[in-house]
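By convention in this document, chain letters (A, B, ...) are assigned in the order of the sequence lines, proteins followed by strands, and residues within each chain are numbered from 1. All values below were derived from every heavy atom in this structure, side-chain atoms included, with hydrogens, water molecules and symmetry-related copies excluded.
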Amino acid sequence: MLTRMMKSADTPLTAEQRIVAAIRAVPRGQPTSYGAVARRAGLPGRARLVARILAHSEGAHLPWHRILRSDGRIAFPEGSEAYLEQCQRLRAEGVDVRNGRVRLLQDEESLDSAVWAPR
DNA sequence: AGAATGACAGGAA
DNA sequence: GTTCCTGCCATTC
């Protein structure tokens with residue numbers, strides 16, 4: 001009682017904390033979208049908040065490179081420093097990046113469904 | 001307070 | 001498959 005109040009108690013996580021957690025949960029080699037991260041964090045419609053948090057969280061060691069636009073395209077201007085860095089990091093995880101774009105999985109689509117029902 | 005901006009999304013064309 | 005256009009949300013001018 002007293003002890004649990006002193007620690008972190010039940011302070012509801014802030015929107016930012018939930019989003020950061022959702023970002024950390026994105027598996028290697030399985031990129032997702034800003035909007036999907038927001039939904040998983042329980043904040044539908046706040047894709048732009050996800051983007052803003054990433055932009056301001058340099059040094060937080062987040063897998064920022066796994067977050068793309070809903071259409072699978074890299075969000076940075078083509079050819080920019082960050083763009084190239086993102087391509088290379090994704091490829092390093094085995095992701096097929098073609099022309100600055102990847103194939104995103106649907107929300108309920110798991111990795112093995114993608115493996116066993118490729119298209 | 002109103003306008004502009006941004007690592008966006010989804011549907012229309 | 002595209003690109004284009006409008007809506008969104010939060011912050012900054």
Side-chain angles (χ1 to χ4, degrees):
Chain A
M1 319 30 150
L2 193 98
T3 59
R4 48 188 302 262
M5 285 184 63
M6 288 167 37
K7 297 205 162 198
S8 65
D10 16 22
T11 34
L13 273 54
T14 69
E16 171 164 353
Q17 291 171 318
R18 306 219 309 268
I19 287 175
V20 167
I23 292 170
R24 288 217 160 92
V26 178
R28 276 180 62 93
Q30 191 180 322
T32 184
S33 72
Y34 296 88
V37 168
R39 280 193 299 278
R40 280 177 238 156
L43 301 164
R46 270 161 257 189
R48 305 193 91 147
L49 181 54
V50 175
R52 186 176 195 287
I53 288 171
L54 281 178
H56 284 274
S57 65
E58 295 265 335
H61 301 272
L62 297 176
W64 60 270
H65 57 282
R66 296 180 198 147
I67 319 295
L68 312 180
R69 286 194 178 154
S70 61
D71 59 5
R73 297 199 11 147
I74 288 178
F76 297 103
E78 184 174 353
S80 67
E81 182 80 26
Y83 173 98
L84 297 162
E85 172 80 12
Q86 187 162 16
C87 281
Q88 127 183 359
R89 279 175 178 255
L90 285 170
R91 293 197 174 111
E93 297 185 355
V95 179
D96 178 30
V97 185
R98 313 179 38 154
N99 206 351
R101 176 180 293 180
V102 314
R103 175 193 272 291
L104 291 179
L105 306 172
Q106 297 301 307
D107 270 339
E108 301 177 8
E109 196 173 12
S110 68
L111 175 59
D112 28 33
S113 79
V115 170
W116 290 103
R119 184 147 276 270

Taking the side chain as every heavy atom from C-beta outward, state whether Pro31(A) and Val26(A) have any atom pair closer than 4.5 Å. no
Would you mind reporting whether Phe76(A) and Glu81(A) have side-chain heavy atoms less than 4.5 Å apart? no
P atoms of dG7(C) and dA7(B), separation to the nearest Å: 22 Å
Walking DNA chain C from its 5' end, the first of Arg46(A) and Arg101(A) to be reached, judged by nearest nucleotide, is Arg101(A)
Reading nucleotides 6-13 of chain B from the 5' end, what letters show protein touch, with B for base, S for backbone sugar-phosphate only, - for no heavy atom under 4.0 Å? BBBSS---
Partner of Ile74(A) by side chain to side chain contact (heavy atoms under 4.5 Å, CB included), out of Leu84(A), Val102(A), Leu68(A): Leu68(A)
Tell me which one of Leu54(A), Leu62(A), Thr14(A), Val50(A) satisfies side chain to side chain contact (heavy atoms under 4.5 Å, CB included) with Ile19(A). Val50(A)
Just do the side chain to side chain contact (heavy atoms under 4.5 Å, CB included) check on Arg66(A) and Val95(A) with the steps written out, would you? CA-CA 10 Å; Arg66(A) 296 180 198 147; Val95(A) 179; over 6 Å; no
Examine distances only and state if a side-chain atom of Arg28(A) and a backbone atom of Glu93(A) form a donor-acceptor pair shorter than 3.5 Å. no
Identify the two heavy atoms, one from Tyr34(A) and one from Arg69(A), that lie closest to each other, and give their separation to 0.1 Å. CE1-N, 3.8 Å
In Å, rounded to the nearest 0.5 Å, how long is the span from CZ of Arg73(A) to CZ of Arg101(A)? 5.5 Å
What are the bounds, 5' to 3', of the part of DNA chain C that sits under 4.0 Å from heavy atoms of chain A? dT2(C) to dT12(C)
